[in-house]
Colleague: 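Shown below is the structure under consideration.
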Protein chains: 2
Amino acid sequence: MTEQWNAKLIELGKNAKAAAKILRHVTEAEKNDALLKMADAVVANQGAIITANQKDLELGKEKGLTDALLERLTLTEKRVEAMANGLRQMAALPDPTLVTEKQWINRDGLKISRQRVPLGVIGIIYESRPNVTVDATGLCIKSGNAVILRGGKEALESNQAIVNVLQKALEDTKLSTETIQLITNPSRELASQFMRLNDYVNCLIPRGGAGLINTVMRQATVPVIETGVGNCHLYIHEAADIEKARNILINGKTQRNSVCNALESLVIDEAIARTALPEFVEALKEYQVEVRGDEKARAIVSTIGAATEEDYATEFLDSIIAVKVATDYDDAFQHIETYSTGHSDAVVTEDYSTAQAFLKDIDSAVVYVNASTRFTDGEVFGFGGEMGISTQKLHARGPMGLEALTSYKYTVEGNGQVRE
Amino acid sequence: MTEQWNAKLIELGKNAKAAAKILRHVTEAEKNDALLKMADAVVANQGAIITANQKDLELGKEKGLTDALLERLTLTEKRVEAMANGLRQMAALPDPTLVTEKQWINRDGLKISRQRVPLGVIGIIYESRPNVTVDATGLCIKSGNAVILRGGKEALESNQAIVNVLQKALEDTKLSTETIQLITNPSRELASQFMRLNDYVNCLIPRGGAGLINTVMRQATVPVIETGVGNCHLYIHEAADIEKARNILINGKTQRNSVCNALESLVIDEAIARTALPEFVEALKEYQVEVRGDEKARAIVSTIGAATEEDYATEFLDSIIAVKVATDYDDAFQHIETYSTGHSDAVVTEDYSTAQAFLKDIDSAVVYVNASTRFTDGEVFGFGGEMGISTQKLHARGPMGLEALTSYKYTVEGNGQVRE
């Protein structure tokens with residue numbers, strides 16, 4: 001079975017490469033036509049999609065998946081509609097490819113142009129959310145890329161149903177139906193092989209938890225864009241507006257705590273901790289947030305539990321926050337520099353120079369002054385859609401929209417020039 | 001020894017991270033001052049550098065290194081001067097960091113800015129050219145990055161002498177001396193560990209032959225920029241200007257055949273092969289180039305040897321060229337699509353539509369019309385220096401100048417906004 005699949009995987013790779021070649025030659029209108037037909041097909045076939053999803057859910061319940069996982073896995077009519085609307089929004093966005101970014105004549109009289117082009121074939125490895133199947137595919141197609149999907153086995157029936165619908169919709173377009181392909185064998189060995197399919201896959205994007213991302217980073221030879229792990233900090237500086245600070249803290253920690261741009265740590269200046277911390281802890285407790293802190297924090301609020309070194313390094317994705325009381329800006333900065341995963345970190349301050357220093361000092365993908373880290377999101381940034389949040393520095397950083405799914409090429413036009 | 005080095009490697013990583021932090025805060029003038037002092041020091045200490053290089057050369061001769069390798073390894077006064085001049089040129093280039101690329105206000109009233117920032121710590125793994133030690137370091141410093149170098153063991157004495165000189169020059173600057181560090185233990189196991197130093201190294205750039213690059217791609221978990229392998233094609237279209245074609249062919253194959261942008265394959269339209277190929281083969285033979293071809297080519301010129309499938313897939317880096325006679329544009333395109341490594345490919349044609357089609361169809365980092373592939377070079381492109389030629393699509397493609405050694409970060413400035 002797996003051996004058959006090894007050959008099959010190469011076949012998928014070849015198909016995708018051929019589909020990507022076709023994509024290089026279709027017009028923006030033809031890509032948009034495909035996206036709109038895909039949207040219509042998703043709505044027209046929502047019955048089949050939801051039925052398949054029911055099978056996944058039943059199997060998931062038998063296997064004892066957590067409620068949180070089952071919730072992520074569930075497709076409703078409303079969620080299917082949202083997937084279709086996502087595709088329609090994608091069609092309305094500007095095409096990121098074939099833009100000439102720069103053009104110059106060099107000393108040899110050569111006309112050199114730098115043009116945006118699709119990456120080619122993008123591999124997506126993700127977990128249990130079946131909506132990723134549609135969202136990721138839409139982003140790939142709009143940016144001119146073929147996609148090979150490898151979703152979680154919990155969502156296999158749903159993903160298969162969705163991909164069938166999308167492929168069928170492509171039959172009536174200028175695109176190849178193999179623009180979208182799904183690996184339906186859940187073997188891990190096969191997933192490893194997929195991560196090493198350098199001849200056919202130009203870029204791999206893992207979407208999911210820290211475990212998945214680490215596995216891909218470790219095993220892949222295909223270039224990877226590392227996404228997502230966010231140990232996000234809020235630093236409340238002594239010159240903070242306390243009301244803004246409270247709002248940003250509560251929003252960051254409680255508005256949705258299972259996502260990568262939620263807050264995990266609070267750093268607060270000693271100078272204001274005595275007056276402000278009790279109030280903040282009380283506000284957090286109203287939202288059932290467990291607070292863990294260092295000795296200084298516990299000396300101020302006795303109900304705070306003890307924070308370990310590990311707590312400061314943890315992305316809880318839960319109703320827990322780790323608190324550190326800082327002697328000054330440098331102490332706060334050192335703490336954040338040590339524990340931040342480089343995703344999103346924020347300061348609350350009314351002091352101009354502190355704000356400017358924080359923006360410069362903090363080496364994270366998105367650095368905030370007086371706003372919630374929850375804004376780190378492609379939609380919020382105005383990118384129209386998002387393929388994830390990059391926490392590495394190569395290629396793309398922070399929220400990844402369509403442009404992050406493109407590369408560039410140089411064209412050089414001469415008149416017979418040779419090199420001396 | 002290796003165990004000690006495992007700990008030492010982490011120490012190097014920590015030092016580099018600290019040096020990178022200092023680099024984020026120095027001014028352009030302070031970086032330029034460091035580059036100029038490094039240049040002066042290289043010249044002032046050329047005796048010591050050349051003496052160390054002599055040791056490498058003696059050991060190399062004992063070990064029986066090829067003449068080509070010994071030539072690459074050799075440092076002369078002139079070469080040392082050239083290294084110093086490279087650093088001075090670097091100082092004169094514009095600083096690629098801290099440029100604000102975009103700035104906008106989003107729907108929430110947040111001011112979002114995208115700013116160029118250094119990558120942080122760059123690892124360079126290279127072979128026997130000691131000049132890379134200086135060139136790569138200069139590019140890294142100008143772009144605000146600390147560098148950890150792992151050169152070939154053949155050049156160990158030379159590299160150690162150079163790094164000592166450069167570090168000493170940094171003592172009298174605002175930069176840390178640990179901005180530049182060298183791994184002096186040549187163990188392969190250690191090199192593997194270096195490729196997995198994700199906590200400290202932001203990007204790995206291998207510079208060297210296909211073997212080195214493949215090893216790094218396979219073993220590294222740190223994001224890699226794949227460089228260099230160039231199976232470059234020249235397609236002589238039936239509407240070519242024959243004189244331009246001959247010049248470009250001879251230049252691409254013979255001006256310097258050991259480099260990645262040299263030609264390896266000639267594709268020529270059948271319609272002109274009968275008249276033009278004999279002339280081209282004769283011209284190549286004047287330069288002692290061995291010509292291997294398909295049956296059609298051999299039917300036209302009997303002295304052409306038989307080309308195998310492997311010949312078409314080989315980067316010879318030698319006085320050999322593989323010839324294919326194409327029935328038409330599509331046949332030529334398919335051949336190039338199959339065998340090109342995506343580095344540089346060229347067409348010679350006077351036909352406008354063919355030129356435009358080639359520029360669009362060929363999926364390589366640099367695509368040429370009527371010019372030699374030998375122009376794929378950061379210096380020639382006007383980048384002032386070059387860290388290599390990227391043949392992958394993520395991050396940077398084609399010749400990599402200073403901008404390719406930077407990332408960006410987003411800063412978000414608000415007034416207390418939280419997410420609804």
Colleague: When only pairs under 4.5 Å are counted, which of B:Ala220, B:Ala396, B:Gly416 shares the most heavy-atom pairs with chain A?
Modeller: B:Gly416
Colleague: Is B:Lys17 close to chain A through its backbone or its side chain, or both, or neither, when contacts mean heavy atoms under 4.5 Å?
Modeller: neither
Colleague: Taking the side chain as every heavy atom from C-beta outward, state whether A:Phe381 and B:Ile112 have any atom pair closer than 4.5 Å.
Modeller: yes
Colleague: With respect to chain B, which residue among A:Val222, A:Asn247, A:Val366, A:Asn106 yields the maximal number of heavy-atom pairs within a distance under 4.5 Å?
Modeller: A:Val366
Colleague: Between B:Thr376, B:Val117, B:Asn202, who has the most heavy-atom pairs with chain A when the cutoff is under 4.5 Å?
Modeller: B:Asn202
Colleague: Minimum heavy-atom separation for A:Glu403 to B:Arg114, with atom names?
Modeller: OE2-NH1, 3.6 Å
Colleague: Looking only at atom types and distance, does a side-chain atom of B:Lys244 sit under 3.5 Å from a main-chain N or O of A:Gln417, one as donor and one as acceptor?
Modeller: no
Colleague: Do you know which of B:Val380, B:Asp241, B:Leu110, B:Val224 has the most heavy-atom pairs under 4.5 Å to chain A?
Modeller: B:Val380
Colleague: Do you know which of B:Asp108, B:Asp377, B:Leu394 has the most heavy-atom pairs with chain A at a distance under 4.5 angstrom?
Modeller: B:Leu394
Colleague: To the nearest 0.5 angstrom, please state how far the CD1 atom of B:Ile122 sits from the NZ atom of A:Lys393.
Modeller: 10.0 Å
Colleague: Counting heavy-atom pairs closer than 4.5 Å to chain A, which one of B:Thr221, B:Val367, B:Asp361, B:Ile362 comes out on top?
Modeller: B:Val367
Colleague: Using a strict threshold of under 4.0 Å (side-chain N to carboxylate O), is an ion pair present between A:Glu420 and B:Arg256?
Modeller: no
Colleague: Of all the residues in residues 337-349 of chain B, which have a heavy atom that comes within less than 4.5 Å of a heavy atom in chain A?
Modeller: B:Glu337
